[in-house]
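Computed over heavy atoms, backbone and side chain alike; hydrogens, waters and symmetry mates excluded.
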Amino acid sequence: MAEHDESGVPTNREKELEAFRERQLRELREFEERQKQELEQFERQELEELKEFEERQHPYEIKIDRTEFKVKEHFLTGAQLRALPNPPIGPDRDLFEVVPGGSDEKIADTQKVKMRDGLRFFTAPAQINPGLV
C-alpha cells in the first residue's frame, strides 16, 4: 500500500521505491535488448558458417603416410580414414593426426575428424615389441 503524507502526496520512501522499480524495468529492457542483439549476431554468424560449409564443392586434400587423398566429406571417422589407402590400414597399426606444434592425436575408429585442406595423418605399429639387449 502506498505511503502518503496527510495531504495525499507520496512520501520520499514511495518516490524512492517507484524510482527503483523504474530503474529495474529499464535495466531489464536494456539487458533483454543486448541478449536479443547477441543472439541475432550469433545466428547470423552460424548461418554464414553453415552456408560456407555446405557450399564447398571442391574436395579436401589430405595425406596419410605421405600419400595424398581427395575427400568430399566434411567429416570422416577413423575407420573411414583407414579405408582410404589400398590396402586399407590394418588393426596392427594406429592412426595419428599430425598436430603442428603439439602432440599428435591418436584417432579411434569411431572418432569423427573434421576435414580441411592440408590435414596430415600417419600410421605407426599398434604394439611395439622391444628387442632383447
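Annotation: salt bridge (Lys or Arg N to Asp or Glu O under 4.0 Å) contacts of K112 (sequence neighbours excluded): none. In terms of the side chain to side chain donor-acceptor pair (under 3.5 Å) criterion, Q127 has no residue partners (sequence neighbours excluded). Looking at residues two or more places apart in sequence or on another chain, you find a side-chain contact (heavy atoms from CB on, under 4.5 Å) between T67 and F69. Partners of Q111 according to the side chain to side chain donor-acceptor pair (under 3.5 Å) rule, which considers only residues two or more places apart in sequence or in another chain, are E105. Remark: D65 engages no residue in a salt bridge (Lys or Arg N to Asp or Glu O under 4.0 Å) (not counting sequence neighbours). Taking the salt bridge (Lys or Arg N to Asp or Glu O under 4.0 Å) definition, one finds that E18 meets it with R21, sequence neighbours left out. In this view, E49 and Q45 satisfy the side chain to side chain donor-acceptor pair (under 3.5 Å) rule, not counting sequence neighbours. Among residues two or more places apart in sequence or in another chain, the side-chain contact (heavy atoms from CB on, under 4.5 Å) test is passed with Q24 by F20.
Heavy atoms of other residues, nucleotides or ligands lying less than 6.0 angstrom from CZ of R26 number more than 12.
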inquiry  = If you apply the rule side-chain contact (heavy atoms from CB on, under 4.5 Å), what do you find for K72 with Y60, and how did you get there?
reply    = CA-CA 6 Å; K72 292 181 181 177; Y60 297 99; over 6 Å; no
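Residue pairs meeting the ring pair (Phe, Tyr, Trp, His ring centres under 6.0 Å) criterion with at least one member in residues 81-122, sequence neighbours excluded: F96-F122.
Rounded to the nearest 0.5 Å, atoms CD1 (I64) and CG (L95) are 6.0 Å apart. Of the inter-residue distances, the one linking L76 atom CG with L119 atom CG reads 9.5 Å to the nearest 0.5 angstrom.
Side-chain atoms of D104 come within 3.5 Å of backbone atoms of V99 as a donor-acceptor pair (strictly under, hydrogens ignored).
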Considering only distance and modelled atom types, tabulate donor-acceptor pairs under 3.5 Å from the side chains of residues 31-44, sequence neighbours left out.
from	atom 1	to	atom 2	distance (Å)
E33	OE2	Q37	NE2	3.3

Show the atom names and distances, to 0.1 Å, of all donor-acceptor pairs under 3.5 Å that link a side chain in residues 78-93 to residues at least two apart or in another chain.
from	atom 1	to	atom 2	distance (Å)
Q80	OE1	T77	N	2.7
Q80	OE1	T77	OG1	3.4
R82	NE	D109	OD1	2.9
R82	NH1	I89	O	3.4
R82	NH1	G90	O	2.9
R82	NH1	R93	O	3.2
R82	NH2	R93	O	2.6
R93	NE	T123	OG1	3.0
R93	NH2	T123	O	3.2
R93	NH2	T123	OG1	3.2

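Clustering of Ile, Leu, Val, Met, Phe, Trp and Tyr side chains at separations under 4.5 Å leaves L47 isolated, with no partner residue.
Put simply, the side chain of M115 reaches to within 4.5 Å of the side chain of V113, judged on heavy atoms.
E97 pairs with exactly one of K114, K63, R116 by the salt bridge (charged side-chain N to carboxylate O under 4.0 Å, His left out) rule, that one being R116.
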